[in-house]
Structures are given as structure tokens and as C-alpha cells.
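Below is one structure, written out as C-alpha cells; comments come after it.
This is a predicted model, so every value here is computed, not measured.
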Amino acid sequence: WIVSGISRPLPRRAVLVVPLCVFAVTTFERNVDWTDEVRLLAANRRLHPDNSRNTLNLGLLLAGHHRFEEAVECFESYIAEFPARCDVRYELASLYMRLQQLKKAEAACRDALWCCNWTIPRYAGLLATIFMQQGQHIRADELLRRALVIHTDAQSSDLRSALGFALLNQGKLEEAREEWIRVAARHPRSTPVRHNLGMLCLQLNRTREARDLLLA
């Protein structure tokens, strides 16, 4: 540095100022990232873009904070690298449903179901629900009946419950009642099951049966 035309060496303290400032900024940014998990995982994803686990964990965390569109981007990125992860496809389908993107939800859930070779009943249940939300009750009916051929009674309660709704939406009230009676037999203390069955019995003018279910 130069003072009054005299050149002098830069003091050692001044030399340290620049790196100290750089480290201070980096440390501050890192501390901000640690203030919540979302920022931390987002920072880890930026620092380690090849670490797919960071992408998946960030997606799960974003979904838990109801930041669905950002979570979708993470899951789509992860599936592009690991297309065989049927569980992630299922989560992606659930997010699309929340965003009312039903065609995308249907495609993602169908992929999940085929990827697991129909071994996970809740995937069939979700796909049937997506069909029903689109007014495709016959498709839901056919899908659920196919799934019930594969899964045992111990695994079938949710599928039978969904089938009851599919039948109800087609106006097949007696068939819906039969399915819900099977569910109620397996879950006799389930309030939602008893309520649905009781309300259906009212529609069928089975007043005494409805009273026993709704007032028990």
C-alpha cells in the first residue's frame, strides 16, 4: 500500500481480512441453512447434486410441510434415476391427487401398481380412488375386483370398503351393503365402517339395521 508516496508492505492483519470475511459469509449461510430442515436438505442437495438420497429426503420433507409442487419436482427427479422405486411412484401419485392433477396421478399410481406386480393392496385402492374422482366408477369396480382375487381376506378390508363406494356410486346399493357387511365383520368397532353401513341401510329402508349400527 502507498501513503505519501512511500510504498509499504501490506500488514498481516489486512491480509487476513479477506479470507476471514469469506469464511464468515459461508458460516452465516450454513447457520441459516441449519435453522430448519428444509433449508438444510435443500443446501445439501445443492452441494451434493449426485446424492439422490438428499433429493428423496427433501421431497418427503416438503410433502410433510404441504409444499406439494416442490415435493413433486424432487420425486420426479428421483424416479428419473430410480424408476423401479414403486413406493416413490405411489407417493408421487398421492401428491398429484392433492394437486388435483388426476391424469398424472393415475399414470403414476398405475406405474407403481405394475412395478410392484399388484403385491401392495393400497396401491390398487389409491388407483381406484383416482378413477372414482374422475367419475370412472366401473373402472374402479373392475380394478378392485381384480385386486381382491389376488389378496387374502386379511389384506382386503380397504379394497372391499373402496369397492362398496364404487358400487354405491353405480347405484348398486345392495351389493355395496354386502361388501361393507364383510368389512364390518372384520372391523366391528370401526366407527367409520359402521357409520357408512348404517347410512346405506337408511337409504335401503332397513331402519332397524341402520339404528343398531348408528346408535351402538
Side-chain angles (χ1 to χ4, degrees), residues 55-172 175-184 186-187 190-197 199-200:
T55 301
L56 179 58
N57 287 340
L58 179 59
L60 293 169
L61 193 60
L62 287 167
H65 283 75
H66 293 216
R67 292 164 63 173
F68 301 130
E69 292 182 353
E70 295 170 83
V72 162
E73 185 275 325
C74 290
F75 286 145
E76 288 177 337
S77 176
Y78 185 86
I79 288 172
E81 189 173 356
F82 299 98
R85 285 292 300 269
C86 56
D87 56 333
V88 180
R89 290 185 181 278
Y90 173 80
E91 294 296 336
L92 180 59
S94 300
L95 289 175
Y96 281 138
M97 272 193 67
R98 288 177 176 272
L99 293 169
Q100 289 300 303
Q101 298 178 18
L102 298 181
K103 287 298 182 184
K104 288 185 176 181
E106 178 183 336
C109 195
R110 188 189 299 278
D111 288 343
L113 191 58
W114 261 255
C115 187
C116 75
N117 199 26
W118 288 74
T119 57
I120 304 178
R122 72 176 182 275
Y123 293 6
L126 179 63
L127 184 55
T129 301
I130 294 168
F131 285 156
M132 284 189 276
Q133 286 199 0
Q134 297 178 85
Q136 300 174 8
H137 306 299
I138 294 176
R139 290 183 71 191
D141 185 325
E142 294 171 348
L143 171 73
L144 291 165
R145 291 182 190 278
R146 178 178 175 181
L148 284 165
V149 170
I150 299 171
H151 297 288
T152 65
D153 287 341
Q155 300 171 304
S156 66
S157 292
D158 289 343
L159 296 176
R160 290 196 180 280
S161 182
L163 179 57
F165 282 109
L167 291 165
L168 182 64
N169 290 326
Q170 294 176 73
K172 299 178 179 180
E175 292 180 57
R177 173 178 166 273
E178 290 174 9
E179 293 299 333
W180 283 348
I181 285 175
R182 293 180 184 178
V183 178
R186 184 166 292 278
H187 304 283
S190 172
T191 300
V193 171
R194 296 177 66 86
H195 175 78
N196 290 335
L197 182 54
M199 295 303 293
L200 179 55

Testing the basics here: between [X] and [Y], what is the closest heavy-atom pair and its distance to 0.1 Å?
{"X": "L144", "Y": "A162", "result": "CD1-C, 3.6 Å"}
{"X": "C74", "Y": "T55", "result": "O-CG2, 3.3 Å"}
{"X": "L159", "Y": "G125", "result": "CD2-N, 3.8 Å"}
{"X": "K103", "Y": "Q136", "result": "NZ-NE2, 4.0 Å"}
{"X": "A63", "Y": "A71", "result": "N-CB, 3.7 Å"}
{"X": "A176", "Y": "G164", "result": "CB-O, 3.4 Å"}

Check whether any side-chain heavy atom of [X] sits under 4.5 Å from a side-chain heavy atom of [Y], and report yes or no.
{"X": "F131", "Y": "L127", "value": "yes"}
{"X": "L99", "Y": "K104", "value": "no"}
{"X": "L168", "Y": "W180", "value": "yes"}
{"X": "R146", "Y": "E142", "value": "no"}
{"X": "F165", "Y": "N196", "value": "yes"}
{"X": "F68", "Y": "H66", "value": "yes"}
{"X": "M97", "Y": "L126", "value": "yes"}
{"X": "F75", "Y": "L56", "value": "yes"}

Is [X] reaching over with its side chain to a backbone N or O of [Y], donor-acceptor style, under 3.5 angstrom?
{"X": "H151", "Y": "W118", "answer": "yes"}
{"X": "E81", "Y": "S77", "answer": "no"}
{"X": "R89", "Y": "P83", "answer": "yes"}

| said: Atom CG of residue position D158 - does it have more than 12 heavy atoms of other residues, nucleotides or ligands inside 6.0 Å? | reply: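 Counting neighbours around CG of D158, 12 or fewer heavy atoms of other residues, nucleotides or ligands fall under 6.0 Å, so no.
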For the atom pair [atom1] ([X]) and [atom2] ([Y]), what is the distance rounded to the nearest 0.5 Å?
{"X": "S161", "Y": "R182", "atom1": "OG", "atom2": "CZ", "answer": "13.5 Å"}
{"X": "I138", "Y": "L143", "atom1": "CD1", "atom2": "CG", "answer": "13.5 Å"}
{"X": "R145", "Y": "E179", "atom1": "CZ", "atom2": "CD", "answer": "6.5 Å"}
{"X": "D141", "Y": "N169", "atom1": "CG", "atom2": "CG", "answer": "10.5 Å"}
{"X": "R67", "Y": "E73", "atom1": "CZ", "atom2": "CD", "answer": "12.0 Å"}
{"X": "D111", "Y": "C116", "atom1": "CG", "atom2": "SG", "answer": "11.0 Å"}

| cation_pi(R122, Y90) dist<6.0 Å, angle<=45 | yes
| request: Give the intermediate values and the outcome of side-chain hydrogen bond (donor to acceptor under 3.5 Å, both in side chains) for residues Q134 and E106. | output: CA-CA 10 Å; Q134 297 178 85; E106 178 183 336; 3.1 Å; yes
